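Every value quoted in this text rests on a predicted model; they were computed, and no experiment measured them. Numbering of residues begins at 1 and proceeds along the displayed sequence.
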Amino acid sequence: MPTKTINLNIELCDSGAILTYPDNGAKYAYSDETEVCRSIANDIEYIIKEQLHNKYQIKIEITPL
């Protein structure tokens with residue numbers, strides 16, 4: 001199976017976080033930790049579904065320790 005890498009930079013700040021995807025120049029600002037986690041999980045889920053061609057149901061959840 002071919003592999004795909006997600007390049008992601010996370011910059012935490014007082015009001016939330018900024019996610020930057022260097023490969024396509026996208027930058028997103030989020031106001032709280034929940035939005036950041038949801039965005040990262042959605043991106044990972046998308047990459048996995050793309051590679052598995054929707055043969056599996058995938059759910060990724062990021063929870064605090």
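Under the side-chain hydrogen bond (donor to acceptor under 3.5 Å, both in side chains) test applied with Asn7, the options Asn24, Thr20, Asp23 reduce to a single match, Asp23.
In this structure, Ile10 and Ile18 have side chains that are not in contact, with every pair of non-hydrogen atoms separated by 4.5 Å or more.
Among all heavy-atom pairs drawn from Asn9 and Pro22, the shortest one is ND2-CG, 3.5 Å.
When the side chain to side chain contact (heavy atoms under 4.5 Å, CB included) test is applied to Ser39, the partners found at least two apart in sequence or on another chain are Leu19, Tyr21, Tyr30, Asp43.
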